[in-house]
J.: 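Below: one structure in structure tokens.
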Amino acid sequence: MAADASAKSNLTATNEELLQYYRDMLLIRRFEERAGQLYGMGHIGGFCHLYIGQEAVVVGMEAVKQEGDQTITGYRDHGHMLACGMDAKGVMAELTGREGGYSKGKGGSMHMFSKEKEFYGGHGIVGAQIPLGVGLGFANRYRDEKKVSLTYFGDGASNQGQVFEAMNMAQLWKLPVVFVIENNQYAMGTSVTRSHSDTHLYRRGAAFGIPGMEVDGMDVLAVREAARQAVEHARNGEGPYILEMKTYRYRGHSMSDPAKYRSREEVDDIREHNDPIKRCEKRLADNGFKDEAALKEMDKEIKAIVKEAADFSLESPEPATSELFTDIYA
Ligand SMILES: Cc1ncc(C[n+]2csc(CCOP(=O)(O)OP(=O)(O)O)c2C)c(N)n1
Ligand SMILES: [Mg+2]
């Protein structure tokens, strides 16, 4: 079992690759900022969990995904959808509960799916996606397909009993599953140190012999390199792998959060010194890319995409009452 540094072996990338990651992370950030505003204006109801700060995790993982690989996650899920290539308009319209949303306005922030993009949710029950993600891995094995299931969950979810049942099966049958633990250090308002007997979450599969690695989840290249190793392991039939992504969320747990469990200084310090987008910009500069105007232009383009999504999400009609009885599993 490696806690480690091994993922630091190939942290170089071309400017073209870095610009792509920068763009993908920025799209998530701007989308989430806008979603936060729409929530504040009363256009989004219910729960809404923003992914701001954690962008490098999903973008780095996505960089090694192959056609057919599946993604499944919890409720902090808008970033995963965008990274999978789902349309920003359809995601935003689902947040506002409109007909043009991915679940026709009936699912909301936590319940969206795209068979086309192999995105399987969007789950509001903490940990529920983990056995489902192992099920996706089982399907891949059963159908003799070389696909890998990327199963994301949080530090809090990693304490759920079903995680261990699912991990046992995954290793027993050598299923192609990569467990991506997004350790943002808090489960709502409970820190990892208060709730985990072992705070090294990459060791969660130790009892089953599942290898794990701790990864700097604020560095998109460290994530990509770790992802490469883990996904290859799973795709080659060697079984599951655990990646513990050390990351951080800047916003509250959901939209109302008294934020008494951490200090303003802690958040500011990470925003200032460890922001994944700024770190990608720094990597570009180290590579010799210093075209700030191009980055500004990119930001403008992304803001336009997000504005279009927001406009669509307000113009799209609310679902008709006749929709109350469609898509029901009964
Ligand atoms: C089974 C279950 N228990 C409790 C909750 C309430 N709840 C929602 S999110 C959450 C914390 C989960 O934290 P973590 O897994 O670290 O994910 P993060 O919010 O940090 O992304 C809790 C306890 C729930 N939705 N489902
Ligand atoms: Mg957490």
Side-chain angles (χ1 to χ4, degrees), residues 25 28-29 31-32 35-36 39 45-61 71-83 95 107-112 119 121-134 150-167 178-205 212 214-218 223 242-262 266-267 270-271 274 276:
M25 290 194 285
I28 296 172
R29 179 146 315 174
F31 181 96
E32 293 290 67
Y39 195 97
F47 289 103
C48 181
H49 309 84
L50 302 179
Y51 194 62
I52 297 178
Q54 300 182 211
E55 296 92 342
V57 176
V58 80
V59 169
M61 290 301 304
T71 298
I72 186 164
T73 188
Y75 45 81
R76 200 174 299 287
D77 51 4
H78 318 148
H80 303 71
M81 295 167 195
L82 296 173
L95 296 183
S109 163
M110 303 190 280
H111 307 107
M112 272 179 261
F119 179 77
H123 295 270
I125 297 176
V126 170
Q129 76 273 25
I130 302 159
L132 297 176
V134 170
L150 304 183
T151 301
Y152 292 79
F153 51 100
D155 44 280
S158 77
N159 275 343
Q160 288 283 34
Q162 56 190 326
V163 174
F164 303 96
E165 296 182 35
M167 281 183 175
V178 176
F179 296 106
V180 185
I181 307 181
E182 299 202 55
N183 181 1
N184 60 11
Q185 306 178 41
Y186 298 98
M188 294 184 88
T190 307
S191 74
V192 169
T193 48
R194 282 179 63 205
S195 52
H196 292 63
S197 55
D198 178 2
T199 56
H200 295 295
L201 307 188
Y202 68 89
R203 298 200 289 224
R204 288 274 119 162
E214 181 181 279
V215 186
D216 179 352
M218 303 301 260
V223 173
I242 298 171
L243 295 177
E244 179 191 0
M245 300 291 178
K246 299 300 276 285
T247 183
Y248 201 77
R249 73 167 152 72
Y250 298 172
R251 297 292 185 94
H253 164 73
S254 184
M255 297 310 291
S256 64
D257 179 342
K260 290 205 174 117
Y261 52 89
R262 62 182 183 183
E266 179 183 303
V267 184
I270 291 177
R271 284 183 98 113
N274 205 11

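Computed from a predicted model, the values in this text were never measured in an experiment. Order of appearance sets the numbers: ligands from 1, and atoms from 1 within every ligand.
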J.: Could you identify the N, O or S atom of D155 positioned closest to the Mg ion (ligand 2)?
T.: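 Of all N, O or S atoms belonging to D155, OD1 is the one nearest the Mg ion (ligand 2).
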J.: Return the CZ to CD1 distance between F179 and I130, rounded to the nearest 0.5 Å.
T.: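 Separation between the atoms: 8.0 Å.
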J.: For D155, is there any backbone N or O sitting under 3.5 Å from a side-chain donor or acceptor partner on Y186?
T.: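 Side chain of Y186 to backbone of D155, a donor-acceptor pair under 3.5 Å: no, none is there.
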J.: Tell me the nearest of H49, R249, M110, M188 to atom 11 (C) of ligand 1, using heavy-atom distances.
T.: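 Nearest heavy atom to atom 11 (C) of ligand 1 lies in M188.
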J.: At a non-hydrogen distance cut-off of under 4.0 Å, which region of H253 contacts ligand 1 (side chain, backbone, both, or neither)?
T.: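 Side chain only.
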J.: Could you tell me whether some N/O pair between Q54 and ligand 1 is separated by less than 3.5 angstrom?
T.: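 No, Q54 has no N/O under 3.5 Å of an N/O on ligand 1.
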J.: Under 2.8 Å from the Mg ion (ligand 2), is there an N/O/S atom belonging to Y186?
T.: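 Looking at Y186, which is the residue asked about, there is an N, O or S atom under 2.8 Å from the Mg ion (ligand 2).
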J.: Write out the residue and atom name of the closest protein heavy atom to atom 14 (P) of ligand 1, then the distance separating them to 0.1 Å.
T.: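 In this structure, atom 14 (P) of ligand 1 has G156 N, 3.5 Å as its nearest protein heavy atom.
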J.: Give the numbers and elements of all ligand 1 atoms closer than 4.0 Å to a heavy atom of R76.
T.: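 Going through ligand 1 atom by atom, the ones under 4.0 Å from R76 are 18 (P), 19 (O), 21 (O).
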J.: What atoms of ligand 1 come closer than 4.0 angstrom to any heavy atom of N184?
T.: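 Near N184, the atoms of ligand 1 are 18 (P), 20 (O), 21 (O).
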J.: Taking non-hydrogen atoms only, is Y75 closer than 4.0 angstrom to ligand 1 via side chain, backbone, both or neither?
T.: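 Answer for Y75: side chain.
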J.: Check whether any N or O atom of Q160, backbone or side chain, sits under 3.5 Å from an N or O atom of ligand 1, and answer yes or no.
T.: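 Q160 vs ligand 1: no N/O contact under 3.5 Å.
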J.: Please report the shortest heavy-atom distance between I181 and L201, naming the atom on each side.
T.: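 Scanning both residues, the minimum pair turns out to be CD1-O, 3.5 Å.
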J.: Would you say V126 and ligand 1 have an N/O pair spaced under 3.5 Å apart?
T.: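 Yes; the residue has a nitrogen or oxygen that sits under 3.5 Å from a nitrogen or oxygen of the ligand.
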J.: Determine whether the side chains of E244 and H200 contain a donor N or O and an acceptor N or O closer than 3.5 Å.
T.: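 The answer is no; no qualifying pair exists.
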J.: With a cut-off of 4.0 Å, which atoms of ligand 1 are near a heavy atom of G154?
T.: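 The atoms of ligand 1 under 4.0 Å from a heavy atom of G154 are 14 (P), 15 (O), 16 (O), 17 (O).
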J.: Can you tell me how the ring of Y75 sits relative to the ring of H49, calling it parallel under 30°, perpendicular over 60° and tilted otherwise?
T.: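 Ring orientation of Y75 relative to H49: tilted.
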J.: Which residue and non-hydrogen atom of the protein lie closest to atom 25 (N) of ligand 1, and at what distance in Å?
T.: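 Result for atom 25 (N) of ligand 1: G124 O, 3.0 Å.
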J.: Any idea which protein heavy atom is nearest atom 15 (O) of ligand 1, and the distance to it?
T.: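 For atom 15 (O) of ligand 1, the nearest protein heavy atom is A157 N, 2.8 Å.
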J.: With heavy-atom distances below 4.5 Å as the criterion, would you say the side chains of R249 and R76 are in contact?
T.: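 Yes, close enough: below the 4.5 Å cut-off.
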J.: Within a distance under 4.0 Å of any heavy atom of Y186, pick out the atoms of ligand 1 and give their elements.
T.: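 So the answer, numbered in order with elements, is 16 (O), 20 (O).
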J.: Are there more than 12 heavy atoms of other residues, nucleotides or ligands under 6.0 Å from atom OH of Y261?
T.: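 More than 12 within 6.0 Å, yes.
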J.: So, applying ring pair (Phe, Tyr, Trp, His ring centres under 6.0 Å) with H80, which one of F119, Y51, F31 is it?
T.: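 Going through F119, Y51, F31 one by one, the ring pair (Phe, Tyr, Trp, His ring centres under 6.0 Å) with H80 is satisfied by Y51 alone.
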J.: So that I can check it, does any N, O or S atom in N184 come closer than 2.8 Å to the Mg ion (ligand 2)?
T.: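 Coordinating: yes.
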J.: Is a side-chain donor or acceptor of N274 paired with a backbone partner of M218 at a separation under 3.5 angstrom?
T.: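 No: the side chain of N274 does not pair with the backbone of M218.
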J.: Specify the closest pair of heavy atoms between A187 and G156, including all atoms of both residues, with the distance to one decimal.
T.: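 Reported closest heavy-atom pair: CB-CA, 3.6 Å.
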